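Notes follow once the structure below has been shown.
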Number of protein chains: 2
Amino acid sequence: MTDSPARPRGRRPGRADTRGTICRAALTLFSTIGYDKVSLRAIAREADVDPALIHHYFSSKSDLFAQTVLDLPLDADRLVSDVLAGPRDQIGQAAVAAFLAAYDGPDGGRERFTAMLRSAVAEEVVQRPMSEFMSKEVFGAIAERLGHVNFKLRGQLAVSLVLGMALSRYILRLPTLTAASDQMIIEELRP
Amino acid sequence: MTDSPARPRGRRPGRADTRGTICRAALTLFSTIGYDKVSLRAIAREADVDPALIHHYFSSKSDLFAQTVLDLPLDADRLVSDVLAGPRDQIGQAAVAAFLAAYDGPDGGRERFTAMLRSAVAEEVVQRPMSEFMSKEVFGAIAERLGHVNFKLRGQLAVSLVLGMALSRYILRLPTLTAASDQMIIEELRP
DNA sequence: GTCTATACGTGGATAGAC
DNA sequence: GTCTATCCACGTATAGAC
């Protein structure tokens, strides 16, 4: 979202801030049905905009994806310190809690995350930045600071834990898990 | 795999057991790149078979998918008792261990599982049977027998744990996690 | 800046000859 | 049982008129 300057200059044919509208529509669709099942025509329809305009603002579909969902809204350092704040024998819980908090915010972060996760399974372009960011920037940093011998393995296990949560809750939508509050999940996660 | 009767009857034009060949090729591709990115033409190429033959043996692409990967090779009851065999405070580890064992077998089970998981994120047809099977038949049964108040939630959390593992290890292929042995993973999973 | 028309590829599926 | 030829829908992308 390097967009929405929100500059409503004098009335022009068509609507102002077309770019922002396209972004929002794209994010919605990407997070709902995943990268490859989204067509530019569908995005245009959703945004109530002409398909050719998408190519005008974004050079290609992958470019659109990159600009709308791929720049993570996460501050890695912030996340790391959040996770490390609690007692050290409950790292797993803390990680899940931090992610649930970060992605349930009102910023559209959850849409971005589900879009990434959905597409990561099919698109290699998405896989690399995603898994690298999570296991290196975030969990690698955490595990390293903890100074455990197998810190790499532990970091990636934590990634797998969080990914499994997100997958089950936001994509597969396992019923009980979706209905449960963050509190409850963190609670039950101990054993 | 309801196929391969392996009956080489008298020489005929073309190859015998075309159906089985198609099945294997399809499974390979489905598990490698996922349902929607696989074209029937690609399967035909991989199997060194004419595209039209696929429609001859399987009525449609979804039918082919169903017959090659969707019938789970898992015996739910078996899995449940495996998980329940160990001490009750290490259920999570036991579940992961059971799945790793079941799917690392020589039966092509892992290909089936990755194919399902890959496609589950995009195809709703795959999502329902998969999540139902896992959270009801397997983990629901386990949690219910344990008689915990939140057994449903726990069951689905266990699902999420296993899915996260599979996703990270077999699809995203997080390096350290992929390289690690099953033993090590189960070991480190305790905390 | 906006939209119409269209090029060009690829996908799933079929009919019908051998 | 096998394959050639083809239909048709849809995808991305572009050229060019308003």
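Computation of the quantities below employed the complete heavy-atom set of this structure, encompassing side-chain atoms and omitting hydrogens, waters and symmetry-equivalent molecules. Computed from a predicted structure; not experimentally measured. Proteins come first, then strands; the chains are lettered A, B, ... in the order of their sequence lines, and each starts at number 1.
- Side-chain proximity of B/Lys61 to the nucleotides C/dA13, C/dT14, D/dG11 is greatest for C/dA13.
- The A/Ala52 side chain lies nearest to C/dT4 when the options are D/dT4, C/dG12, C/dT4.
- In this structure, B/Leu53 places its CG atom 15 Å from P of C/dT14, rounding to the nearest Å.
- Of the possible polar contacts, none joining the B/Ser119 side chain to the B/Met116 backbone as a donor-acceptor pair under 3.5 Å is found.
- Look at CG on B/Asp48: it is 12 Å from P on D/dT2, rounded to the nearest Å.
- For the pair B/Leu40 CG and D/dT6 P, the interatomic distance rounds to 20 Å; values are reported in whole Å.
- Note: CD1 (B/Ile54) to C1' (D/dT2) measures 13 Å, nearest angstrom.
- With B/Glu111 contributing its side chain and B/Leu27 its backbone, the two residues share no donor-acceptor pair below 3.5 Å.
- Taking every heavy atom of both residues into account, A/Ile43 and A/Ala25 meet most closely at O-CB, 3.9 Å.
- Comparing atom distances between the B/Arg41 side chain and each of D/dA13, D/dT14, C/dG12 picks out C/dG12 as nearest.
- OP1 or OP2 of D/dT14 has not a single side-chain nitrogen or oxygen of A/His55 nearer than 4.0 Å.
- As a whole-Å value, the separation of B/Asp36 CG from D/dG11 P is 13 Å.
- Considering only side-chain N and O atoms, B/Thr18 lies under 4.0 angstrom from the phosphate OP1 or OP2 of D/dT2.
- Per the geometry, CG belonging to A/Leu64 stands 15 Å off P belonging to D/dG11, to the nearest Å.
- Ring geometry, A/Phe65 versus A/Tyr35: the interplanar angle exceeds 60°, so the pair is classed perpendicular (tilted spans 30 to 60°).
- As a whole-Å value, the separation of A/Lys37 NZ from C/dT10 P is 20 Å.
- Along DNA chain D, the nucleotide closest to A/Pro51 and the one closest to A/Arg45 are compared, and the more 5′ of them pairs with A/Arg45.
- Between B/Tyr57 and the phosphate of D/dT2, there is a side-chain N or O to OP1/OP2 separation shorter than 4.0 Å.
- The CD1 atom of A/Ile22 sits 11 Å away from the C1' atom of C/dT2 (whole-angstrom rounding).
- Checking side-chain atoms of A/Arg169 against main-chain N and O of A/Ala180 turns up a donor-acceptor pair under 3.5 Å.
- Comparing D/dT2, D/dA13, C/dA13 by their nearest atom to the side chain of B/His56 picks out D/dT2.
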